[in-house]
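Written out below as structure tokens is the structure these notes cover.
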There are 2 protein chains.
Amino acid sequence: MSIAEVSEKFNLSQDTLRYYERIGLIPPVHRNKSGIRSYTEEDCKWVDFIKCMRQGAGLPVEMLIEYVTLSRQGDNTLETRKGLLVEQRGRLAEKIEELTSTLLRLDDKIERYEQTILLKEKTLKQQPE
Amino acid sequence: MSIAEVSEKFNLSQDTLRYYERIGLIPPVHRNKSGIRSYTEEDCKWVDFIKCMRQGAGLPVEMLIEYVTLSRQGDNTLETRKGLLVEQRGRLAEKIEELTSTLLRLDDKIERYEQTILLKEKTLKQQPE
DNA sequence: TTACTACCTGAAGTTAACTCCAGGTCAAGG
DNA sequence: CCTTGACCTGGAGTTAACTTCAGGTAGTAA
């Protein structure tokens with residue numbers, strides 16, 4: 001797959017794809033003889049995973065680079081990699097809790113707005129013009 | 001309450017508190033005769049709300065400034081303000097969904113790591129040293 | 001009076017994570 | 001052969017949201 005196709009497929013700009021590769025956020029992508037990127041299935045899986053973790057979960061780039069680097073070092077980094085994921089999973093769960101409680105707070109506030117607005121309408125009706 | 005106390009209470013730096021006020025993210029704080037901030041109960045409520053919406057929910061500063069500006073314009077902006085909140089509530093709910101599905105994906109990946117690690121250990125035992 | 005501390009302001013600096021750009025290569029079509 | 005279009009690189013520029021700084025004031029303690 002060309003970079004244009006991958007960009008289209010994952011809705012990431014070509015610049016972003018090259019940037020991710022440059023900083024090691026995805027492993028080096030396969031190239032053809034004239035140096036042009038040709039994404040394999042494997043490359044695409046990395047893009048998918050990284051997009052999900054970055055844009056979906058907002059995990060920090062630094063941590064993901066570390067993860068990718070470890071992945072490229074083979075099987076004796078399995079434990080470490082799992083550790084990283086477990087840690088981030090924890091963070092994510094916390095974040096979800098926080099967002100959920102903020103959601104409730106917003107709901108509360110919206111509810112109060114509704115009360116206030118209703119009250120105001122009633123008052124207005126009692127004093128037309 | 002002095003800015004130092006408010007900073008302590010909400011765990012926001014004094015600089016951040018002044019910054020929030022300067023850009024209109026919270027309404028102007030009450031001052032004493034020599035120009036020093038003295039936060040009222042009301043001021044603190046704003047700080048609390050804004051901290052929650054920014055750090056807790058990550059709502060954009062721009063939108064919050066608009067909300068605060070509207071609040072200071074009185075009752076005929078009630079509907080508009082409610083609209084803003086409802087919109088952000090929607091965004092937040094979406095975000096939570098996204099994070100939750102990413103969490104599941106992470107769980108899946110962690111599970112697979114466990115499998116792989118177990119498998120590797122077994123293999124090692126069969127071929128000691 | 002002098003020194004100290006907390007506070008003030010406007011402006012410049014920082015950080016993360018892209019995003020854009022200038023200048024260059026390469027293969028294909030006319 | 002020449003042009004066109006997709007792609008390449010290294011490096012500079014951008015954006016949001018703070019954070020730091022230089023230079024100044026005001027109240028208080030020795």
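In what follows, chains are A, B, ... by sequence order, proteins preceding strands, each numbered from 1. The structure presented is a predicted model; accordingly, all values stated were derived computationally and were not measured.
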To the nearest angstrom, how far is [X] atom [atom1] from [N] atom [atom2]?
{"X": "Met1(A)", "N": "dC7(D)", "atom1": "CE", "atom2": "C1'", "answer": "17 Å"}
{"X": "Asn32(A)", "N": "dA6(D)", "atom1": "CG", "atom2": "P", "answer": "16 Å"}
{"X": "Tyr39(B)", "N": "dC8(C)", "atom1": "OH", "atom2": "C1'", "answer": "12 Å"}
{"X": "Lys33(B)", "N": "dG27(D)", "atom1": "NZ", "atom2": "P", "answer": "7 Å"}
{"X": "Arg37(A)", "N": "dA6(D)", "atom1": "CZ", "atom2": "C1'", "answer": "13 Å"}
{"X": "Ile23(A)", "N": "dT19(C)", "atom1": "CD1", "atom2": "P", "answer": "12 Å"}
{"X": "Arg22(A)", "N": "dA12(D)", "atom1": "CZ", "atom2": "C1'", "answer": "11 Å"}
{"X": "Leu25(B)", "N": "dC18(D)", "atom1": "CG", "atom2": "P", "answer": "8 Å"}

Test your reading of the model: is there a side-chain donor-acceptor pair from [X] to the backbone of [Y], 3.5 Å cut-off?
{"X": "Arg72(B)", "Y": "Pro27(B)", "answer": "no"}
{"X": "Lys51(B)", "Y": "Phe10(B)", "answer": "yes"}
{"X": "Thr77(B)", "Y": "Thr80(B)", "answer": "no"}
{"X": "Gln126(B)", "Y": "Thr123(B)", "answer": "no"}
{"X": "Thr16(B)", "Y": "Leu12(B)", "answer": "no"}
{"X": "Glu21(B)", "Y": "Arg18(B)", "answer": "no"}
{"X": "Asp43(A)", "Y": "Thr40(A)", "answer": "yes"}

Salt-bridge criterion met for Lys125(A) and Glu121(A) (N-O under 4.0 Å): no
Sugar-phosphate only, base, or nothing, as touched by Ile3(A) at under 4.0 Å among non-hydrogen atoms: sugar-phosphate
Parallel, tilted or perpendicular, as decided by the 30° and 60° cut-offs, for the rings of Phe49(B) and Tyr67(B):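 Tilted.
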Heavy-atom pair of closest approach, residues Ser71(B) and Trp46(B):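 Smallest interatomic distance, heavy atoms only, reads OG-CH2, 3.6 Å.
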Positions of residues 8-21 of chain A (non-hydrogen atom under 4.0 Å from DNA chain C), listed by number: Asp15(A), Thr16(A), Tyr19(A), Tyr20(A)
Close approaches to DNA chain D from residues 40-63 of chain A, in residue order (heavy atom, under 4.0 Å):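 When residues 40-63 of chain A is checked for heavy atoms under 4.0 Å from DNA chain D, there are no hits whatsoever.
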Between Asn32(A) and Ser34(A), a side-chain donor and acceptor under 3.5 Å: yes
Between the protein and nucleotides 22-26 of chain C, list every N/O to N/O distance that falls short of 3.5 Å.
none

